[in-house]
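Single-structure report; data block below.
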Amino acid sequence: MNRFFEGFSQSLANLSGNKTRSFLTMLGIIVGVFAIIGIISIGEAGKLSIKRDLESFGSNLAAIWAEKKSDTIYKPLNKYDVEFLKNLSYIEELSPILSLYRDVRIENYKLQTAIIGVNENYFSLNNRKIDKGRFFTSFENQHFRRVCVITEGIKKDLFDRNSIEDPVGKVIKIGDFPFFIIGVIKKVELKSILAGLVREERDVYIPENTMKTTFGVNRINYILFSLKKGIKPNVVKKTITSLFKIRKGENTYYGTQFIESQIKQFTSLMTTITLIIALIGGLSLLVGGIGIMNIMLISVTERTKEIGIKKAIGATEGMILKEFLQEAIILSLIGAFIGTIIGISITVLLELAIKWQIYISPLAIVIAIVFSTFIGALFGSIPAKKASALHPIDALRYE
Amino acid sequence: MSLIKLENIKKVYEMGKIKVHALKGITLSINAADYLAIMGPSGSGKSTLMNIIGCLDVPSHGNYILDGKKVSKLGDSELAQIRNKQVGFVFQTFNLLPRLNAQKNVELPLIYAGMLKKEREIKSKKLLTKVGLGHRAHHLPSELSGGQRQRVAIARALANNPKIILADEPTGNLDTTSGEEIMQIFDSLNREGVTIILVTHEAFIADHTTHIIHLLDGEIGKIVASSK
């Protein structure tokens, strides 16, 4: 160990003899390490924030809907299907989703928007938070009450814009029917790039039974349900799909989607993309390695006489080889160190700027440092071999 | 038994298509504690002979037996070990490493011998004191005079207590006074029992030795006792 540090300090002394050159030589490695750490960390941070956003909807959330494929018929979901699902042991809670478009009116102002019929479970199922007032109850649903919960988008566009204060307690007209506003839902706060993809909701939620009786809508768009803790989505997916084939007929098709599998798919895609970009960044490590090789070759020529002297006083080929190899490795290690520092600082700044959670991938740092050491050894071995193979007499005579 | 035994040593360099016969069959026997000078005109093969004796080079033909060991059969690391432990080189141009101070220069052969740092520091200090440079240990070669540099080089050559010192025109780059000081160091080393072989052009340097080998065209012309 002692000897290692001695060799290390000797190499450092050699390298610091020409600081500018050493730094320029390291540049490729610095950029490569910086790129790898930056790309992987930002990729991971993005992945984490998207995952967190998706999980904010409820990570055990799933949906089922009827679909028409070329070889199947369309057979919509009905209330018996809802009952059937409700009785499955692995389903926690559920809500059918019905919808239609109608004008929503208050005083002289109106807005055309989606009216969504759900049951009282919907809000907890979908992790929605109340801003003002309350959600509707099972009682209100069972008794066809004309109550509604509006989203912040509606509040903004229909109430705030027209200087109508506090929507809770007011009556709005949906189509021709008056509804009592009992609550306002908070808007979904997304922090990842998904935020840019989702536009602000302008929906009005009413009890599904009210929807059926008031507007005569019976068609269920889809059923939203949550799985009990510890239930694996891919097993449920298979079971439910085959159960529905039995219930509804072989010639039907029901699509399903599970947030947990969505998250998995999404994150694995992100990982692949990140790794591919990081690999491209890593190419600059190779270029950096070639830079090190060039400079070391020049250095061997410049230090020919020194090599001759060292051989004359007893250095073996192995010792000379080791000396140059060590220099190449230290050069790339210092480069990796600088690259890591720059990589971490810039990544943190970037993540702060886009308001993501701060994340630095430790794996990326390990990969970058191990890889650049390897590069240093690989490309340093050629000049080192050249140096060690010099004939002592020729090297001594070199001027 | 002789320390150095050369039997019909030949050295041929190939410069393109031309073959240069630098040594044409040298047979020579040198005993421990001998003090020799090798003289001869340029191109007579003096340096080639020195390099072969010092294991910096290998003969094209012939046998070289050093301290009972057949050198012509040895590989790189064994030759390096001989250069490190049994032979000490002193060059005309000193050949110190410019970026290392005097002490570090002297320590270098000790590093190759695998000596630990503490011991190295003590040994190198002692060697520098021996050549009268104890107070200059931390100076770079560029901060030393020619004579001082050569003394550092001698200290380095002595590092692993070699039996043989090979000096190739050790005073060639020095003024007369410094040259004389260097020769006095060699004289006292020889009195301690170190075998010294030096190449020189100058008769008054050669006069320090006991025998002078005259080389001519790669062959030994004559061996004479010096006028000392």
Side-chain angles (χ1 to χ4, degrees), chain A residues 1-22 298-327 330-331 384-399, chain B residues 11 13 22 47-48 50-52 54-58 74-101 104-121 141 153 155-160 162 166 168:
Chain A
M1 210 53 191
N2 205 6
R3 197 156 301 170
F4 171 79
F5 281 116
E6 256 179 64
F8 184 79
S9 65
Q10 194 197 341
S11 303
L12 272 186
N14 279 338
L15 295 172
S16 61
N18 201 333
K19 288 196 186 68
T20 317
R21 189 160 90 178
S22 297
I298 294 172
S299 167
V300 169
T301 310
E302 283 176 352
R303 282 155 65 188
T304 299
K305 177 120 190 169
E306 177 188 322
I307 295 164
I309 295 169
K310 285 180 169 171
K311 285 199 161 184
I313 60 174
T316 60
E317 285 188 9
M319 291 167 180
I320 301 287
L321 184 87
K322 197 180 130 213
E323 187 183 322
F324 277 85
L325 207 52
Q326 208 161 333
E327 245 178 80
I330 287 172
L331 206 54
K385 189 80 203 140
K386 192 183 164 199
S388 71
L390 285 174
H391 193 275
I393 298 286
D394 298 339
L396 264 177
R397 285 208 190 111
Y398 188 88
E399 289 298 337
Chain B
K11 183 70 186 177
Y13 292 112
S47 291
T48 307
M50 286 289 268
N51 290 337
I52 287 175
C55 293
L56 274 175
D57 210 348
V58 285
L74 299 179
D76 165 75
S77 62
E78 288 144 319
L79 290 175
Q81 207 164 8
I82 291 177
R83 294 195 292 262
N84 186 227
K85 298 221 167 97
Q86 289 183 262
V87 183
F89 277 98
V90 177
F91 303 93
Q92 179 178 1
T93 51
F94 323 129
N95 281 348
L96 298 175
L97 295 188
R99 279 173 300 159
L100 302 183
N101 67 28
K104 295 271 181 217
N105 264 291
V106 178
E107 278 184 37
L108 217 46
L110 299 173
I111 294 178
Y112 297 141
M115 194 185 273
L116 292 172
K117 195 176 159 104
K118 276 266 158 55
E119 295 174 58
R120 270 187 349 235
E121 278 168 1
R156 183 179 65 183
L158 291 172
N160 289 314
L166 298 171
D168 197 348

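Throughout, protein chains are lettered first and strands after them, A, B, ... in sequence-line order, and every chain is numbered starting at 1. A quick note: this is a predicted structure, and the numbers were derived from the prediction, not measured.
Taken from NZ in Lys311(A) to OH in Tyr112(B), the straight-line distance is 10.5 Å, to the nearest 0.5 Å. Rounding to the nearest 0.5 angstrom, the gap separating the NE2 atom in His391(A) from the CG atom in Asp76(B) is 10.0 Å. Taking CD1 of Ile309(A) as the start and CG of Leu108(B) as the end, the distance is 9.5 Å to the nearest 0.5 Å. Rounding to the nearest 0.5 Å places OG1 of Thr316(A) at 11.5 Å from CD of Glu78(B). Interatomic distance, CD1 of Ile313(A) versus CG of Leu56(B), reported as 11.0 Å (0.5 Å rounding).
Summarising the geometry of Ala312(A) relative to Phe89(B), their closest heavy-atom pair is O-CD1, 3.6 Å, with the distance given to 0.1 Å. The two residues Ala315(A) and Ala80(B) make their nearest non-hydrogen contact at O-CB, 3.8 Å.
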Please tabulate, for the side chains in residues 93-101 of chain B, all donor-acceptor contacts under 3.5 angstrom to protein atoms that are two or more places apart in sequence or on a different chain.
residue	atom	partner	partner atom	Å
Thr93(B)	OG1	Asn95(B)	OD1	3.3
Asn95(B)	OD1	Lys305(A)	NZ	3.4
Arg99(B)	NH1	Asn14(A)	OD1	3.1
Arg99(B)	NH2	Asn14(A)	OD1	3.4
Arg99(B)	NH2	Glu306(A)	OE1	3.0
Asn101(B)	OD1	Gln103(B)	N	3.1
Asn101(B)	OD1	Lys104(B)	N	2.8

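No side-chain donor-acceptor contact under 3.5 Å links Asp57(B) to the backbone of Ile393(A).
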